[in-house]
Amino acid sequence: KFSRTSSGSVFRTESLQNILTEALTLTEAKSKRHSTPISMSLSSNLYIHCDAVEIEQVLVNLINNGIDAVKKNEEKWIRIFGFEDQGQVVLQILDSVQGISTEIEQKLYQPFFTTKPVGEGTGLGLSIAKGILDQHNAQLDLNRSFNNTCFEIRFKKVNPPIEEGNDAA
């Protein structure tokens, strides 16, 4: 899906849970290989207007970054929370690392900046993710209200799609 070529993004009303489930399927092998359990707590009925494949790509990047970040930690975990807040759908991806320095935070979204060892990252993931989210009018921020590292995405909430063929006659 990620490598498909098309003439542009296809925006539809999508279930965040469905997109996240696909992203978790794609990151499952890596999380198991690095003994990093991933837990998810999502409110029901969270819908966003998006290109699902592009948002899935963003989530895979953030989850994989989290797995890479906790590799050397004694305590390894990733926790994902999704909820509604003031007309927005909020998705938080936390990992067991004790935060990111402000020096690194200032460079996070710059192309080719990486904290990974040579050969383990291009430094493009977060800048691409931020670009995709900008096109979706969504915000990507580091949420410093946690002791651990938390990337937070805020989307505009939309209503679930109306199912076709269910008209009362």
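In what follows, every heavy atom counts, from backbone to side chain, and hydrogens, waters and symmetry copies are set aside.
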_Run the side-chain contact (heavy atoms from CB on, under 4.5 Å) test on V58 and L140 for me, step by step, so that the C-alpha distance in whole Å, both residues' side-chain angles and the decisive distance to 0.1 Å come before the verdict._
CA-CA 10 Å; V58 168; L140 174 63; 5.7 Å; no

*Please lay out, stage by stage, how N61 and I128 fare under the test side-chain contact (heavy atoms from CB on, under 4.5 Å).*
CA-CA 9 Å; N61 177 265; I128 290 170; over 6 Å; no

Greater than 12 external heavy atoms within 6.0 Å of [X]'s [atom1]:
| X | atom1 | answer |
| --- | --- | --- |
| N147 | CG | no |
| E152 | CD | yes |
| Q98 | CD | yes |

Quick check: do [X] and [Y] have side-chain heavy atoms less than 4.5 Å from each other?
| X | Y | answer |
| --- | --- | --- |
| V70 | T149 | no |
| L46 | Q17 | no |
| D95 | N73 | no |

*In sequence, state the C-alpha distance, the side-chain angles, and the governing distance for V90 and F81, and then conclude on side-chain contact (heavy atoms from CB on, under 4.5 Å).*
CA-CA 8 Å; V90 180; F81 300 98; over 6 Å; no

_For a quick check under 3.5 Å, do N64 and D68 share a side-chain donor-acceptor pair by atom type?_
no

*Assess whether side-chain contact (heavy atoms from CB on, under 4.5 Å) is satisfied between F151 and N65, documenting all intermediate values.*
CA-CA 10 Å; F151 280 92; N65 282 354; over 6 Å; no

*asked:* Salt bridge or not between R154 and D85? Use side-chain N to carboxylate O under 4.0 Å.
replied: yes

*What do you reckon, are the aromatic ring centroids of H136 and F11 less than 6.0 Å apart?*
yes

*Applying salt bridge (charged side-chain N to carboxylate O under 4.0 Å, His left out), name anything that partners K156, two or more places apart in sequence or on another chain.*
none

